[in-house]
K.L.:
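Below is a structure I'd like to ask you about.
Worth knowing before you read on, the calculation uses all heavy atoms, side chains too, and leaves out hydrogens, waters and symmetry mates. Convention: sequence-line order gives letters A, B, ...; per-chain numbering from 1. Note that the coordinates shown come from a computational prediction; the quantities given were computed from them, not determined experimentally.
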Protein chains: 2
Amino acid sequence: MTKLSKREEIIQLAASLFRKRGYSSTSVRDIAREIGMEASSLYNHIRSKQEILHELMLNVANSFSTGMKSVKEAPLNPLQKLERLVSLHVNITINEPDAVALIPNEWIHLETKGIQEFLHLRDQYERDFKQILQDCLDEGFIKPVNIELASFSILSTLRWLYSWYGKNQDINIIALEEEMKKCLIQGLAK
Amino acid sequence: MTKLSKREEIIQLAASLFRKRGYSSTSVRDIAREIGMEASSLYNHIRSKQEILHELMLNVANSFSTGMKSVKEAPLNPLQKLERLVSLHVNITINEPDAVALIPNEWIHLETKGIQEFLHLRDQYERDFKQILQDCLDEGFIKPVNIELASFSILSTLRWLYSWYGKNQDINIIALEEEMKKCLIQGLAK
DNA sequence: ATATATAACTAACAAGTGTTAGTTTTAGAC
DNA sequence: GTCTAAAACTAACACTTGTTAGTTATATAT
């Protein structure tokens, strides 16, 4: 564990509060109290409350985007790429569970520019995801299925993984990855 | 369409605002402005802002619970019950998309008693869901799979259905149900 | 020891929050 | 027309919000 700068400490702590109560219900004074200083002192380290959210959301969005990029470029067949994407989600979720927990909802509280940047990354990610699933279908790796719905379903599960991980933190990561791949990719039907 | 009482009108409109901006970021004055009256006038119809959220969340939670009850009691095999649950989610989502959209996150803004009631209903629902999935497995309707993870996955998808429905409102409901069943229950693997 | 930069503090601001009290308007019953 | 109840209004409350200004304390480099 590398020691965090005060700024990083504030941002990490804010992430856990944003996760628990939401961005709007977390006041600058709440963050300050938890970190052990006055609210105004925070402003020696950050520019605004909004900046904290912006940094959290775009950092984690960029983690996913660069992860996707390296998966796309890897010399793998589409099914293997799909498995790599499951690994990607599991790993990012375990490394930054609080920031990941903000993804589904808290982006609405970004200001105009932040929203645009964030949604652009998210849309691009979903397009890439669907394309890989489509490749799986075209190359006969999976059953014929509605690609829109299937990618929506897989991404829904992966997005909510953080809440499941919250309750089962003792699980082996490798095992979790394998179970997820089995569950999401191999499907249920006999 | 039956005409709504003013109270119901307020609550429905609040639901759409809560969905768009979140409970905390929606002020009583926002609701009043949209409905065309002064903030204080709302209090002729509602007891508090919190009461609106409470009513929305517990009504929709009860819709799911009573739906689950009737599925459990129906003379069907577990796989058929699972399919009925998919229908249940699709139908409630289409009938009250705004209230459904609040389920994943906004319950944290309920006050103590509301949280307890809500989480109790949710936990019971998830237990019942898992049991039906377990029955499917025990009676050989589905492949051997981690029940915890599988039910988590299916429920994640069903919970997020509202966001997918938001983008594809033109879709045929029966077709949507069938696609969901195919996607979630029959799985992907060849 | 002194100078300097960093990071804490106190105090205050303007704006917005949910809610209440008291009053006036509206609409329907007799 | 008059009485009554429902539902709107204005005005204000106590409190919280994010943020800034100005000041003091702390630590480091010379």
Side-chain angles (χ1 to χ4, degrees), chain A residues 2-58 102 105-115 118, chain B residues 2-58 102 105-115 118:
Chain A
T2 63
K3 186 163 165 275
L4 297 177
S5 76
K6 200 105 216 178
R7 184 165 192 278
E8 289 167 317
E9 191 189 336
I10 290 168
I11 290 176
Q12 287 310 310
L13 195 132
S16 83
L17 290 182
F18 291 168
R19 176 183 182 171
K20 256 182 280 183
R21 309 176 203 166
Y23 176 76
S24 296
S25 300
T26 304
S27 76
V28 171
R29 284 169 179 82
D30 289 336
I31 300 170
R33 188 181 316 116
E34 205 98 348
I35 216 127
M37 58 169 69
E38 292 299 315
S40 54
S41 304
L42 289 176
Y43 288 79
N44 287 317
H45 305 278
I46 54 150
R47 240 182 287 274
S48 65
K49 183 190 176 189
Q50 173 70 203
E51 188 193 40
I52 301 177
L53 184 65
H54 190 280
E55 181 152 331
L56 280 169
M57 301 287 299
L58 275 108
L102 304 179
N105 291 276
E106 301 301 315
W107 60 269
I108 36 170
H109 298 114
L110 287 169
E111 283 166 8
T112 324
K113 199 179 169 187
I115 290 201
F118 178 82
Chain B
T2 62
K3 186 164 164 278
L4 296 178
S5 76
K6 200 107 216 177
R7 185 165 193 279
E8 289 167 316
E9 191 188 336
I10 290 168
I11 290 176
Q12 287 310 309
L13 194 133
S16 82
L17 290 183
F18 291 169
R19 175 182 182 173
K20 258 182 279 185
R21 311 176 200 167
Y23 175 76
S24 297
S25 299
T26 304
S27 76
V28 172
R29 284 167 180 84
D30 290 336
I31 300 170
R33 186 180 317 116
E34 205 98 347
I35 215 125
M37 59 168 67
E38 293 298 316
S40 54
S41 304
L42 291 176
Y43 288 80
N44 287 316
H45 305 278
I46 53 149
R47 239 182 288 274
S48 65
K49 182 188 176 191
Q50 174 68 204
E51 188 192 40
I52 301 178
L53 183 65
H54 189 280
E55 181 151 332
L56 281 168
M57 301 288 299
L58 276 111
L102 304 179
N105 292 275
E106 301 302 314
W107 60 268
I108 37 169
H109 299 115
L110 287 169
E111 282 166 10
T112 324
K113 198 178 170 187
I115 290 201
F118 178 82

K.L.:
Under 4.5 Å between any side-chain heavy atoms of A:Trp107 and A:Leu53, yes or no?
P.N.:
no

K.L.:
To the nearest Å, how far apart are B:Lys6 NZ and C:dT26 P?
P.N.:
14 Å

K.L.:
If you take all heavy atoms of B:Ile108 and A:Gly22, which pair is closest and at what distance?
P.N.:
CD1-N, 4.3 Å

K.L.:
Using a cut-off of strictly less than 4.0 Å between a heavy atom of the residue and any atom of DNA chain D, enumerate the qualifying residues of residues 28-45 of chain B by number.
P.N.:
B:Arg29, B:Met37, B:Glu38, B:Ser40, B:Ser41, B:Asn44, B:His45

K.L.:
Measure from the side-chain N and O atoms of A:Gln12 to the backbone N and O of A:Glu9, and report whether any donor-acceptor pair falls under 3.5 Å.
P.N.:
no

K.L.:
Can you sort out the partners of A:Glu55 under salt bridge (charged side-chain N to carboxylate O under 4.0 Å, His left out), two or more places apart, ordered by chain and number?
P.N.:
A:Arg7

K.L.:
Can you tell me how far C1' of C:dT6 sits from CD1 of A:Ile10, to the nearest Å?
P.N.:
13 Å

K.L.:
Measuring only between side-chain heavy atoms, which start at C-beta, is B:Phe18 closer than 4.5 Å to B:Ile31?
P.N.:
yes

K.L.:
Tell me the salt bridge (Lys or Arg N to Asp or Glu O under 4.0 Å) pairs involving residues 40-49 of chain A, sequence neighbours left out?
P.N.:
A:Arg47-A:Glu51

K.L.:
Restricting to side chain to side chain donor-acceptor pair (under 3.5 Å), what partner residues turn up for A:His109, sequence neighbours left out?
P.N.:
A:Ser24, A:Glu106, B:Ser25

K.L.:
Can you tell me if the side-chain N/O atoms of A:Lys49 get under 4.0 Å from OP1 or OP2 in D:dT17?
P.N.:
no

K.L.:
What is the distance, rounded to the nearest whole Å, between atom CD1 of A:Ile46 and atom P of C:dA8?
P.N.:
12 Å

K.L.:
Within the 4.0 Å limit for protein heavy atoms, which parts of nucleotides 23-29 of chain D are touched? Write it as a string from 5' to 3', B for base, S for sugar-phosphate only, - for none.
P.N.:
-------

K.L.:
Is there a residue in residues 11-27 of chain B whose heavy atoms reach under 4.0 Å of DNA chain D, and which residues are they?
P.N.:
none

K.L.:
Output every pair passing salt bridge (Lys or Arg N to Asp or Glu O under 4.0 Å) with a member in residues 11-29 of chain B, not counting sequence neighbours, ordered by first then second residue.
P.N.:
B:Arg19-B:Asp98, B:Arg21-B:Asp30

K.L.:
Can you run down the salt bridge (Lys or Arg N to Asp or Glu O under 4.0 Å) pairs that involve residues 34-45 of chain B, sequence neighbours left out, and say none if there aren't any?
P.N.:
none

K.L.:
Checking A:Gln50 now: which residues fulfil side chain to side chain contact (heavy atoms under 4.5 Å, CB included) with it, not counting sequence neighbours?
P.N.:
A:Tyr23, A:Ser48, A:Leu110, A:Glu111

